[in-house]
Amino acid sequence: MLRLHTPYGEACSIEGPSWPAGEAWRPGPSESLLRQLQLVYGIGPHTEERLRREGFSDLVALSRHPRFGAEARKVLQALEQGDLAALRQAGARDYELLSYFDSADLAVIDIETAGFRGWPVFLIGLGWQEDGSWRVRQYFARGFEEEKALLYLALDFLQRFSGLVSYNGRAFDEPFVAERLTYHRLERPHFLIHVDLYHEIRRLFREELPDFRLSTVAGHLLSCRRTADIPGERVPELYLRYMAEGEEESIMPVLRHNEADMVDLCRLFDLLTTGAGRSVA
DNA sequence: CTCTCGCATTTCTGTGTCCG
DNA sequence: CGGACACAGAAATGCGAGAG
């Protein structure tokens with residue numbers, strides 16, 4: 001555990017594991033987006049199927065259609081220019097816009113907090129790709145008084161990334177951190193894309209999984225079993241005990257839990273984007 | 001051209017589920 | 001406990017074909 005100095009006091013960083021990443025992709029419009037006729041206003045599932053039967057297999061073909069051609073050309077232009085706002089407007093999800101980003105521009109994030117609302121954040125796990133490898137790092141606050149320094153360190157590190165990857169982070173991690181930044185009068189960072197794997201995995205594996213908690217999903221899709229992991233709801237209790245008693249042993253299960261979540265998240269990301277990550281890290 | 005009917009799409013409303 | 005999103009079903013809107 002490394003003690004780091006900031007303008008707002010001290011916090012800690014912990015270097016995590018590193019392992020080979022899945023194959024990188026070439027940024028640009030993706031094939032699957034080009035085949036999505038429903039990006040054109042006025043086309044739903046039924047019309048898309050009918051158009052396909054008539055031979056309009058992608059947006060390029062549809063651009064010659066008498067009725068939908070003009071609108072299809074607009075979508076094509078947005079695809080070529082990488083106009084993320086227009087593509088979102090047309091119905092593209094952030095996951096589908098990933099192809100416009102280099103994998104090195106994305107940071108995976110998972111936070112641990114002392115409670116659900118109004119409580120401080122005390123641990124921020126970050127994962128990223130560097131030279132073809134995944135790397136994981138944690139920023140840790142040993143007490144509530146170190147939260148601002150922790151946020152400063154995480155923010156400083158995140159500056160080099162333009163996108164976020166999380167699990168339920170749109171609803172939890174991002175608004176939670178935003179609220180803590182406002183509390184500490186720190187500026188909120190802006191990301192061009194936020195891929196929330198929770199919703200994507202729910203859509204893709206709706207029929208196959210009993211529930212969609214991260215541990216369940218990782219157990220099924222990554223064939224990994226966590227030994228002696230703590231459930232998330234015990235995190236606040238263990239952190240409060242750690243602060244009261246100062247015993248490093250009480251917080252170790254939480255640090256390991258967050259690290260395991262981070263590794264699982266990075267590997268799930270690899271699995272969805274490149275099909276890699278099935279092997280045990 | 002105008003009106004109407006039937007179907008497809010969009011919008012609205014409600015419910016369930018994850019995160020510590 | 002709050003908030004974002006997916007999904008499902010209902011209500012509203014839009015479009016095109018056919019008849020007068």
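Labels below follow one simple rule: chain letters A, B, ... track the order of the sequence lines, proteins then strands, and each chain is numbered from 1. The structure displayed is predicted, hence computed values, not measured ones.
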Quiz prompt | Derivation of the side chain to side chain contact (heavy atoms under 4.5 Å, CB included) call for A/L255 and A/E259 | solution = CA-CA 6 Å; A/L255 298 178; A/E259 183 186 289; over 6 Å; no
Would you mind classifying the nucleic acid contact of [X] as base, sugar-phosphate or nothing, using non-hydrogen atoms under 4.0 angstrom?
| X | result |
| --- | --- |
| A/D261 | sugar-phosphate |
| A/F212 | sugar-phosphate |
| A/R93 | sugar-phosphate |
| A/R203 | sugar-phosphate |
| A/Y41 | sugar-phosphate |
| A/D110 | sugar-phosphate |

For [N], does OP1 or OP2 lie under 4.0 Å from any side-chain N or O of [X]?
| X | N | answer |
| --- | --- | --- |
| A/H46 | B/dA8 | yes |
| A/R170 | B/dT17 | no |
| A/R206 | C/dC7 | yes |
| A/R202 | B/dC18 | yes |

Practice problem: Let me see the working for A/R137 and A/Y139 under side-chain hydrogen bond (donor to acceptor under 3.5 Å, both in side chains), right down to the final yes or no. | Solution: CA-CA 7 Å; A/R137 176 184 297 171; A/Y139 290 112; 3.0 Å; yes
